Structures are given as C-alpha cells and as structure tokens.
Protein chains: 2
Amino acid sequence: MTTSSESAAGAGRQELIDALVLTSFATIAVLSRAAAEHDLSLTQLRVLAILRDRRGTIGELAGYLGLDKTTVSGLVGRAEKKGLLQRAQNPADGRAVDVFLTAEGARLAQAGAAQIASSLAPMTGKLTTAQARQLTTLLETLLHEAAP
Amino acid sequence: MTTSSESAAGAGRQELIDALVLTSFATIAVLSRAAAEHDLSLTQLRVLAILRDRRGTIGELAGYLGLDKTTVSGLVGRAEKKGLLQRAQNPADGRAVDVFLTAEGARLAQAGAAQIASSLAPMTGKLTTAQARQLTTLLETLLHEAAP
DNA sequence: TATTGTTATACTCTATAACTATA
DNA sequence: TATAGTTATAGAGTATAACAATA
C-alpha cells in the first residue's frame with residue numbers, strides 16, 4: 001500500500017491504523033469475555049453501562065449504541081425478561097418508553113465495570129503512569145472532533 | 001470507583017480504560033461500516049484480511065480469530081458460496097482443509113483495506129506525524145507481552 | 001403527517017453436541 | 001485414542017418492512 005515516496009502527511013499512518021485496529025480487536029475481545037463471565041453479551045453490557053447514570057428512551061439508546069430502534073427493542077426485551085431493567089411510559093410523550101435499571105441491573109453494571117477494569121489491567125499495566133497519561137491524551141484527541 | 005487516595009500505580013488508569021474502550025468501539029463501528037460498504041460483515045472482512053498474505057487451515061483461522069472451528073466452518077462456507085475463497089485438501093494432513101482467497105476475494109480484501117484506511121482518516125488525521133508515531137508506539141507496547 | 005415503538009421476518013454470527021474421516 | 005472438520009441445532013444480534021399509537 002505505502003510507497004517509498006509517500007507524503008510527509010501520510011508518514012506512519014498505515015502503522016498507526018494497524019496498531020489501532022489490532023488494539024481495538026484485542027480490547028473488544030477482552031470486554032466480550034468480561035461480559036460473558038456475567039452471562040451477558042457485550043451489547044447487553046453496553047446497555048447496562050449507558051443506563052448506569054441516566055434513564056433513556058428506546059430511541060436515545062439506539063442513538064448511543066448506533067443501532068436500529070428495532071434492535072434495541074429486542075435487546076431491552078431480553079434484558080427485561082432477565083430482570084435487569086424495566087420499561088415505563090414516558091410522562092412527557094405518550095409514544096416514548098423510558099428504560100431504567102433494576103437493582104439487579106445496577107448491581108450487574110457495577111460488577112461489569114469492575115470486571116472490565118481488572119480484565120484490561122494486564123494491558124494497561126504495561127505502561128508507566130506517564131505513558132498512561134500520554135496515551136489517554138492521544139486517544140481523546142482521536143475521539144473528539146477537530147475544532148471547526 | 002477511584003478514590004482521592006488511590007495509589008500512584010493506579011493513577012489515571014480509569015481514564016485510560018475509558019478512552020481505550022470508547023476508541024475501540026468507535027474504531028470497530030468504523031470498520032463495520034467499511035465492511036458493509038462492500039457487503040461484508042466485519043468478521044468476513046477479517047477472514048479476507050488474514051488470508052491476504054497466507055493460506056491457512058480452518059483450525060488456524062479459528063485461532064487467529066479467537067472463534068470456534070464450527071463458527072469458522074460456517075464463515076468459510078458462506079464466503080465460499082460468494083466466490084471469495086476456496087477450500088482445498090491439505091497435502092500434508094488428510095484431515096485438514098486449506099483455505100485461500102480467489103481473485104475476487106483478493107480484490108475485495110484490497111478494496112477493504114483501502115476503505116478502512118480512508119474511513120479511519122478522519123480520526124487518524126487529527127494527529128500530527130509526531131503524535132501518530134507516539135501513539136503507534138504506545139499501542140504496540142499495550143499489545144505486546146511484557147518482556148519475561 | 002411525522003414520530004416512537006413493537007412485531008414479523010430473515011439472515012449472520014456464535015457455540016455445543018454428535019458425527020465422519022484421518023492420524 | 002486424538003485431532004480436523006462438518007452438520008444439526010439453538011439462541012443472540014442485526015436490519016427491513018409493516019403496523020399501531022401518539023404528537
């Protein structure tokens with residue numbers, strides 16, 4: 001793909017992409033195993049994590065997750081059947097449905113977060129404190145939109 | 001989770017974990033959309049990417065992907081039906097099956113790689129060349145096993 | 001009319017169990 | 001006996017199309 005005469009702007013970009021992709025797959029794999037240890041799929045754990053500090057409608061959840069509302073309707077239905085969350089009519093809009101965690105769901109969300117932190121420790125622990133701060137800053141730069 | 005009296009070793013770890021998780025989800029989402037633009041699932045594109053520079057058995061692919069061999073058997077079957085790869089008997093072991101890309105599969109793997117690079121450009125382009133090198137190094141440190 | 005949500009449907013991904021063929 | 005692969009089966013995740021209720 002790259003050539004010996006690549007532009008300065010593209011220097012090292014392919015290496016960055018490779019590292020970013022590999023790290024992402026590795027991280028998602030760790031998260032999936034962490035979720036599985038609590039009998040959850042990664043998507044289910046994401047739902048719990050989102051609802052940990054806010055209640056939301058089906059449509060809002062779909063927006064956060066980047067999934068179709070019909071998909072979220074199914075996810076919420078399965079989680080509700082497991083007793084992890086509940087539906088309630090939105091007081092302001094009769095069409096909308098509010099979703100929020102049950103006590104059991106909140107407990108599981110907390111356990112999941114702790115599990116994730118300890119599961120990723122073997123990776124994050126390879127860095128010094130200074131490196132960890134540096135990496136955090138770089139990743140946040142990657143995540144946030146460039147100034148307009 | 002964290003307290004004001006956290007140990008020096010844990011300083012900033014939760015922020016790093018948050019950034020790592022968010023970046024990973026964002027990256028996987030971008031990759032999934034890139035794959036979808038070529039009518040592939042992310043897993044199918046991973047298979048093509050792995051086979052791009054080597055042929056492999058079902059078991060080897062399962063190892064690379066972290067999936068069960070029955071899952072890979074299904075993935076390979078569907079990709080074969082689409083004309084993207086082929087099976088052939090392994091010459092050294094009558095039980096094993098070699099899998100390799102067809103010309104069409106190789107073309108698609110190439111197109112997918114290009115699509116990924118351009119899809120991630122809005123993210124990676126936010127960094128200067130020096131920052132990109134720094135991030136690559138940090139991610140590689142995260143990925144590789146600590147020296148024994 | 002437009003929006004929110006659900007249901008029906010279909011396909012992919014995934015793993016477990018049972019099986020065949022080869023080592 | 002052990003290993004490589006396939007098939008049958010089952011369930012989760014996902015989206016499209018059609019629909020009901022509300023705005």
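Owing to the predicted nature of the structure, the values given are computational and were not obtained by experimental measurement. Below, read A as the first sequence line, B as the second, and so on, with proteins coming before strands; counting in each chain starts at 1.
A distance-only check finds no donor-acceptor pair linking the side chain of B:Glu37 to the backbone of B:Ala34 [under 3.5 Å]. In terms of modelled atom types and a separation under 3.5 Å, the side chain of A:Thr27 and the main chain of B:Val21 share no donor-acceptor contact. B:Lys69 places no side-chain N or O within 3.5 Å of a backbone atom of B:Gly59 that could act as its donor or acceptor partner. Formation of a donor-acceptor pair under 3.5 Å by the B:Glu140 side chain with backbone atoms of B:Thr137 is not found in this model. Panel note: side chain B:Thr102, backbone B:Leu84; a donor-acceptor pair is recorded below 3.5 Å. Judged by distance alone, the side chain of A:Arg13 and the main-chain N or O of B:Thr124 form a donor-acceptor pair under 3.5 Å. Of the possible donor and acceptor atoms, one in the side chain of A:Thr23 sits under 3.5 Å from a partner among the backbone N and O of A:Ala19.
Atom P of nucleotide D:dT22 and atom CG of A:Asn90 are separated by 13 Å, given to the nearest angstrom. A straight line from CD of B:Glu37 to C1' of D:dA15 spans 17 Å, rounded to a whole angstrom. Rounded to whole Å, atom P of C:dT22 lies 10 Å from atom CZ of B:Arg95. Counting to the nearest Å, the P atom of D:dT7 and the CD atom of B:Glu80 are 10 Å from each other. In this entry the distance linking CD1 of A:Ile28 with P of C:dC13 reads 17 Å, nearest Å. Regarding B:Leu45, its CG atom lies at a distance of 15 Å from the C1' atom of C:dC13, rounded to whole Å. Rounded to whole Å, the distance from CD on B:Gln89 to P on D:dT6 is 12 Å. A:Lys69 places its NZ atom 7 Å from the C1' atom of C:dT3, with the value rounded to the nearest Å.
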Sort me out a list of protein N/O and nucleotides 12-14 of chain D N/O pairs below 3.5 Å, or just none if empty.
from, atom 1, to, atom 2, distance (Å)
D:dG13, OP1, A:Ser41, OG, 2.1
D:dG13, OP2, A:Gln44, NE2, 3.3
D:dG13, OP2, A:Arg78, NE, 2.7
D:dG13, OP2, A:Arg78, NH2, 3.0

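Cation-pi geometry between B:Arg54 and B:Tyr64 is met: under 6.0 angstrom from the ring centre, within 45 degrees of the axis.
Here the nucleotide nearest the side chain of A:Asp93, chosen from D:dA2, D:dT22, C:dG5, is D:dT22.
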Exercise. Can A:Leu127 and A:Gln134 be said to form a side-chain contact (heavy atoms from CB on, under 4.5 Å), step by step?
Worked result: CA-CA 10 Å; A:Leu127 303 183; A:Gln134 211 172 31; over 6 Å; no
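Five base pairs at each end of the helix from C:dT1-D:dA23 to C:dA23-D:dT1 define two local axes, and these are offset by 0° (rounded to 10°).
Using a 4.0 Å heavy-atom cutoff across all strands shown, A:Arg87 reaches sugar-phosphate atoms only and no base atom.
When the side-chain nitrogen and oxygen atoms of B:Ser73 are compared with OP1 and OP2 of D:dG5, none of them lie within a distance under 4.0 Å.
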